[in-house]
Amino acid sequence: MAARTAPEGLRLGYPCQNRTLRATTNHTVRERNVVLGERLDQAVRANLRDLERILWWNARQGIRLFRVGQHLIPFASHPRFPWDWEERYGAEIQRLGALARSLGIRLSFHPGQYVNPGSSEPSVRDRSLRELRYTARLLARFGDPEGVVVLHGGGVYGDRQRALGRLCRALQKEEEVLRFLALENDERCWSVADLMPAARVLGVPVVFDLLHHRWRPGGLSEGEALAAALETWGGRRPKVHVASQARGGRPGAHAPYLHREDWRRLRAVLRGSGVDVMVEAKAKERAVLRILRWEGLQR
DNA sequence: AGATGTCAAGCGGAT
DNA sequence: ATCCGCTTGACATCT
């Protein structure tokens with residue numbers, strides 16, 4: 001029996017893996033084993049297979065947003081990667097993209113802390129761009145018109161203006177990356193307000209992260225920062241990240257589930273607007289199901 | 001068999 | 001000056 005579908009006003013998602021299914025899109029290999037093509041191929045096939053299982057499961061639960069793991073094709077941007085991954089897996093990726101679309105599921109990516117195109121170190125910038133191009137190519141292959149690559153601002157190195165300049169210069173000619181890119185505030189370096197100039201120059205939107213905002217509000221209230229971020233999406237459907245602070249954890253550590261008061265506050269400022277909410281919680285899909293129950297949309 | 005420690009990568013901050 | 005955390009699976013090495 002099909003779950004009731006969330007109204008278009010609110011779509012929820014979770015990152016990378018489904019614990020209920022014991023499925024993950026982050027199967028990988030050790031770097032030294034990249035040359036062993038068979039292991040690498042097995043990891044990719046496992047990721048694609050698990051992605052398909054997750055997509056079907058999500059659709060049944062009324063979950064319409066999913067972050068694909070950065071390791072979908074492990075080491076794809078690494079110099080030792082042995083193949084043309086598009087040639088080898090492109091058709092299958094296209095098929096899964098069509099499936100996601102037919103199920104109404106939006107896909108996103110979120111490269112990690114090593115991807116820092118505004119680094120002061122040229123080799124770091126180069127590596128970062130290669131990883132971002134790979135990620136954008138994946139989304140192009142998936143064919144998701146609403147696909148997003150969410151990236152943090154990276155290091156500040158004691159000079160925000162210069163860091164900002166490097167970030168913009170590194171990215172401003174990366175047409176395909178910019179098609180999908182969005183910048184997210186983090187808890188240490190870049191508040192929503194800090195990101196705005198880069199977002200304007202690059203013509204990319206800003207992802208508001210509730211928990212990060214708590215630790216680095218940058219002079220804006222929650223409502224103000226959220227509103228500022230939402231405006232950057234123009235006609236496109238905005239995306240927001242939500243997490244709760246782990247009790248007793250270091251600032252920014254994710255709690256297993258979303259705390260109800262955090263959800264209520266976000267819900268109040270979002271009201272009925274058409275926004276996608278990525279729930280970053282240790283319990284992954286179970287945290288999403290709990291919110292759907294709060295919303296009266298599940299069981 | 002099971003348990004443990006390390007792994008491509010960069011930063012800021014704590015110590 | 002050095003270490004830790006981010007996230008978490010793979011796998012080499014140990015008991």
Side-chain angles (χ1 to χ4, degrees), chain A residues 14-19 21-51 54 67-82 108-135 150-160 162-164 166-167 170 183-191 194-195 209 211-212 214-216 218 241 243-246 248-256 278-285 287:
Chain A
Y14 59 97
C16 303
Q17 61 179 155
N18 181 303
R19 285 145 109 91
L21 293 176
R22 283 203 282 254
T24 175
T25 55
N26 268 332
H27 294 276
T28 184
V29 296
R30 303 280 90 247
E31 191 267 347
R32 70 163 86 68
N33 293 329
V34 167
V35 290
L36 306 179
E38 202 173 322
R39 283 200 195 184
L40 181 60
D41 186 66
Q42 269 177 15
V44 177
R45 303 278 173 205
N47 285 332
L48 296 173
R49 185 196 61 221
D50 278 1
L51 175 58
I54 289 170
R67 179 190 302 166
V68 182
Q70 206 60 26
H71 290 304
L72 188 75
I73 301 177
F75 295 90
S77 71
H78 190 283
R80 283 167 69 186
F81 190 84
S108 69
F109 286 83
H110 190 16
Q113 66 272 35
Y114 303 112
V115 179
N116 181 13
S119 175
S120 56
E121 180 57 51
S123 64
V124 174
R125 291 202 296 270
D126 288 351
R127 272 203 305 278
S128 299
L129 287 180
R130 282 206 304 275
E131 181 73 7
L132 287 169
R133 288 177 195 136
Y134 145 74
T135 312
V150 180
L151 187 71
H152 289 298
V156 169
Y157 315 84
D159 188 337
R160 183 174 304 283
R162 289 178 68 182
L164 204 100
R166 280 194 306 270
L167 183 69
L183 295 171
E184 181 197 346
N185 60 308
D186 65 84
E187 79 276 29
R188 287 192 312 209
C189 300
W190 300 88
S191 68
D194 294 328
L195 287 174
D209 184 295
L211 179 57
H212 294 158
R214 264 175 74 169
W215 296 104
R216 190 175 171 85
H241 286 185
S244 288
Q245 174 64 42
R250 83 156 184 110
H254 290 171
M278 181 62 72
V279 180
E280 296 184 318
K282 297 278 187 206
K284 306 285 178 185
E285 81 287 350

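Just so it is clear: chains get the letters A, B, ... in the order the sequence lines come, proteins before strands, and each one is counted from 1. Everything numeric here is computed off the predicted structure, so don't read it as measured data.
Between C:dC6 and B:dA3, the two C1' atoms lie 24 Å apart (nearest whole Å). The P atoms of B:dA8 and C:dC11 are separated by 12 Å, rounded to the nearest whole Å. Going from the P atom of B:dG5 to that of C:dC4 covers 13 Å, rounded to whole Å. Nucleotides B:dG10 and C:dG9 place their P atoms 23 Å apart, quoted to the nearest Å. Between C:dC3 and B:dT6, the distance separating the two C1' atoms is 16 Å to the nearest Å.
For the residue pair A:Asp194 and A:Ser191, a side-chain donor N or O sits within less than 3.5 Å of a side-chain acceptor on the partner.
Whole-Å rounding puts the A:His110 NE2 to C:dT8 P distance at 12 Å. Here the P atom of nucleotide C:dT7 and the CD atom of A:Gln70 are 14 Å apart, to the nearest Å. Note: CD1 (A:Ile73) to P (B:dA8) measures 20 Å, nearest angstrom. Atom CZ in A:Arg30 sits about 9 Å away from atom C1' in B:dA8, given to the nearest Å. Here B:dG10 presents its P atom at 15 Å from CG of A:Leu151, a figure rounded to the nearest Å. Going from atom CZ of A:Phe81 over to atom C1' of B:dA9 covers 17 Å, rounded to whole Å. Here C:dC11 presents its P atom at 12 Å from NE2 of A:His71, a figure rounded to the nearest Å. Atom CD in A:Gln113 sits roughly 10 Å away from atom P in C:dC6 (whole-Å rounding).
Within the 4.0 angstrom heavy-atom criterion, only backbone atoms of the sugar-phosphate kind lie near A:His27; the bases stay farther away. Across all strands, A:Cys16 comes closer than 4.0 Å to no nucleic acid atom at all (heavy-atom distances). Using a 4.0 Å heavy-atom criterion, one finds that A:Val156 contacts the sugar-phosphate atoms exclusively. Within 4.0 Å of A:Phe75, counting heavy atoms only, lies at least one base atom of the nucleic acid. Residue A:Glu131 is classed as having no contact, given no heavy-atom separation below 4.0 Å to the nucleic acid.
Residue-nucleotide stacking is present for A:Tyr114 and B:dA9, judged by a side-chain ring centre under 5.5 Å from the six-membered base ring centre and planes under 30° apart.
Among the nucleotides B:dA9, C:dG9, C:dT8, the one closest to the side chain of A:Arg127 is B:dA9. For A:Tyr157, the listed nucleotide lying nearest its side chain is B:dG12; candidates were B:dA9, C:dA12, B:dG12.
Note on A:Arg130: every side-chain N or O is 4.0 Å or more away from OP1 and OP2 of B:dA9. Distances shown here put every side-chain N or O of A:Arg125 at or beyond 4.0 Å from the OP1 or OP2 atom of B:dA9. An OP1 or OP2 oxygen of C:dA10 is reached within less than 4.0 angstrom by no side-chain nitrogen or oxygen of A:Asn33. Applying the 4.0 Å criterion to OP1 and OP2 of C:dC6, one finds that A:Lys282 has every side-chain N and O outside that range. The side chain of A:Asn26 contributes no N or O atom lying less than 4.0 Å from OP1 or OP2 of C:dG9. Here A:Arg32 does not reach the OP1 or OP2 of B:dA8: none of its side-chain N or O atoms lies under 4.0 Å away.
When the shell of 6.0 Å around CZ of A:Arg80 is examined, it contains more than 12 heavy atoms from other residues, nucleotides or ligands. Other residues, nucleotides and ligands contribute at most 12 non-hydrogen atoms within 6.0 Å of the CZ atom of A:Arg162.
The minimum heavy-atom distance between A:Ser128 and A:Asn116, with the atom names listed, is OG-N, 2.7 Å. Heavy-atom minimum distance, A:Ser77 versus A:Tyr134: CB-CB, 4.3 Å.
Mapping A:Arg188 and A:Val29 onto DNA chain C by nearest heavy atom places A:Arg188 at the nucleotide closer to the 5' end.
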- Would you please test A:Trp190 and A:Arg216 for side chain to side chain contact (heavy atoms under 4.5 Å, CB included) and show each step? CA-CA 8 Å; A:Trp190 300 88; A:Arg216 190 175 171 85; 5.5 Å; no
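When Watson-Crick and G-U wobble pairs are counted only if both distances are under 3.5 Å, C:dT15 pairs with B:dA1. Across all strands shown, B:dA8 forms no Watson-Crick or G-U wobble pair with both key distances under 3.5 Å. Of the nucleotides present, none pairs with C:dT7 by Watson-Crick or G-U wobble criteria with both distances under 3.5 Å.
Remark: aromatic rings of A:His241 and A:His212 are distant, center separation not under 6.0 Å.
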